[in-house]
Protein chains: 2
Amino acid sequence: MSRPDLSSEKREAFLPVIARAFAEHGYRRATTAKLAEACGVRENVLYRLWPDKKAMFVATIEYMYRLSADAWSNVIAKVGPGQSAAERVLAYSSEHHGELGLYKLIFAGLTETDDPDVQKALRDMYARFHKFIAQQIAVHRDENNGKIPRNVELAAWAFVGLGTVVGIGRELELLGPVQRKNLMREMGALLLSGGD
Amino acid sequence: MSRPDLSSEKREAFLPVIARAFAEHGYRRATTAKLAEACGVRENVLYRLWPDKKAMFVATIEYMYRLSADAWSNVIAKVGPGQSAAERVLAYSSEHHGELGLYKLIFAGLTETDDPDVQKALRDMYARFHKFIAQQIAVHRDENNGKIPRNVELAAWAFVGLGTVVGIGRELELLGPVQRKNLMREMGALLLSGGD
DNA sequence: CGATACTGTAAGTGTTCACTTACTGATCTT
DNA sequence: AAGATCAGTAAGTGAACACTTACAGTATCG
């Protein structure tokens, strides 16, 4: 018995760096050598913290989800002037969407979907996002009597799609910052209201 | 002078097979060996038709776009009972979305966006889809007085996003066929009408 | 026919990359 | 201080893969 195990602390410390590298280069191009260099260590060290590269990627997805979820929770927690929580999240998203690089990560992951672990991580992340958004919409529409109606479920998926296309537009340089913001805000409002 | 050059015919003949392989395995995992095997030839032969793997991929994206565009054109050309062309495309999409495997291809391409040729191919494809959809919406709303208003532009992007999330839902097995159909149909109708 | 190009087969080649092994030094517990 | 485990360095290994080269066969033209 000797020396405490600092593995989990190391993991937490490296994750932001690894996440940045994955978001920047995608899965394949983010070689383990690059990841290690970005972390300032040898590849070896990373392999003592995770069994393989795939595990690093899955951990990154979970980390990025946590980051986004935290940001949204903060926005909701703030007491705003006459806006519903959903409206505040929408306003926040239209300003800061894509800054975390989550979407590049998702696109990278979507091409690795023949790996069951990666697929599961992505599925869980999407499902949680969807659930979160659906609840926000339901509360906003004041329809939150325990059960979320089907329309809200669908609107929440459309919302996720909106976020995705904004991410793609950013990635492919099809949409400028102003367009992205307008798209998120105006179509987001339409989905929030449900056309009423 | 001897023997006519059948290269372009060969390319056309191989493209569907190559497209299928790319859609099935993504970019990296669709190795040139696999592509050749699927085509029933040696890798060599493919390299006489395209300069490199990237060119095969770009050609595949263009091919798949052509396929989708043709399908939509056919739907529009058919004279329907009291439905606008946009409504017919929507109905068609909600039934057949994703069958061509275009979305897997897009996800594969999105992780290769540091390659300018791939990025350009994707950007062109998205831009053309967006333009097409925007025109359909404009005609449907009877606002087609020469210029497409901003709302319609945004709605068209949201539409693209809707298609994308349906593709993701299919890929990650988050959405079943019925859900996908409902999502496309109901949220598509909302975007078509613009909430009026 | 015979020259010229196209078509297909077979076997490399050089590189990249995920992952390993061997070893040295540091640090904590008893 | 001893013993054990952790932390970091350096080099290497084997496999996968994009792409090439060399060559034998064949169809098409003058």
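All values below come from the heavy atoms of this structure, side chains included, with hydrogens, waters and symmetry mates left out. The chains referred to below are lettered A, B, ... by the order of the sequence lines, with proteins before strands, and numbering in each begins at 1.
- With sequence neighbours excluded, the residues forming a side-chain hydrogen bond (donor to acceptor under 3.5 Å, both in side chains) with Lys181(A) are Glu95(A), listed by chain and number.
- Sequence neighbours left out, not one pair with a member in residues 85-94 of chain B passes salt bridge (Lys or Arg N to Asp or Glu O under 4.0 Å).
- For the pair Glu37(B) CD and dA10(C) C1', the interatomic distance rounds to 16 Å; values are reported in whole Å.
- Geometrically, Lys53(B) does not engage Phe22(B) in a cation-pi contact, judged by NZ or CZ lying under 6.0 Å from the ring centre and within 45° of the ring axis.
- With rounding to whole Å, Arg29(A) atom CZ is found 17 Å from dA18(C) atom C1'.
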Open item on the list: Set out, in order, the CA-CA distance, both residues' side-chain angles and the distance that settles side chain to side chain contact (heavy atoms under 4.5 Å, CB included) for Met187(A) and Leu191(B), then state yes or no.
Closed with: CA-CA 8 Å; Met187(A) 291 301 111; Leu191(B) 294 173; 4.1 Å; yes
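- With sequence neighbours left out, Asp124(A) forms a side-chain hydrogen bond (donor to acceptor under 3.5 Å, both in side chains) with Lys120(A).
- The distance from atom CG of Leu174(A) to atom CD of Gln119(B), rounded to the nearest 0.5 Å, is 8.5 Å.
- Nucleic acid contact class of Lys10(B) (heavy atoms, under 4.0 Å, all strands): sugar-phosphate only.
- Computed from coordinates, the Arg42(A) CZ to dG12(D) P distance equals 13 Å when rounded to whole Å.
- Residue Arg20(A) places its CZ atom among 12 or fewer non-hydrogen atoms of other residues, nucleotides or ligands, all under 6.0 Å distant.
- Take Thr32(A) and apply the side-chain hydrogen bond (donor to acceptor under 3.5 Å, both in side chains) test, not counting sequence neighbours, and it matches Glu43(A).
- When the local axes at the two ends of the helix from dC1(C)-dG30(D) to dT30(C)-dA1(D) are compared, using 5 base pairs at each end, they differ in direction by 10° after rounding to 10°.
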Open item on the list: Counting primed atoms plus P, OP1 and OP2 as sugar-phosphate and everything else as base, spell out the protein contacts along nucleotides 18-23 of chain D at 4.0 Å heavy-atom distance: B, S or - for each nucleotide, 5' to 3'.
Closed with: BBBBB-
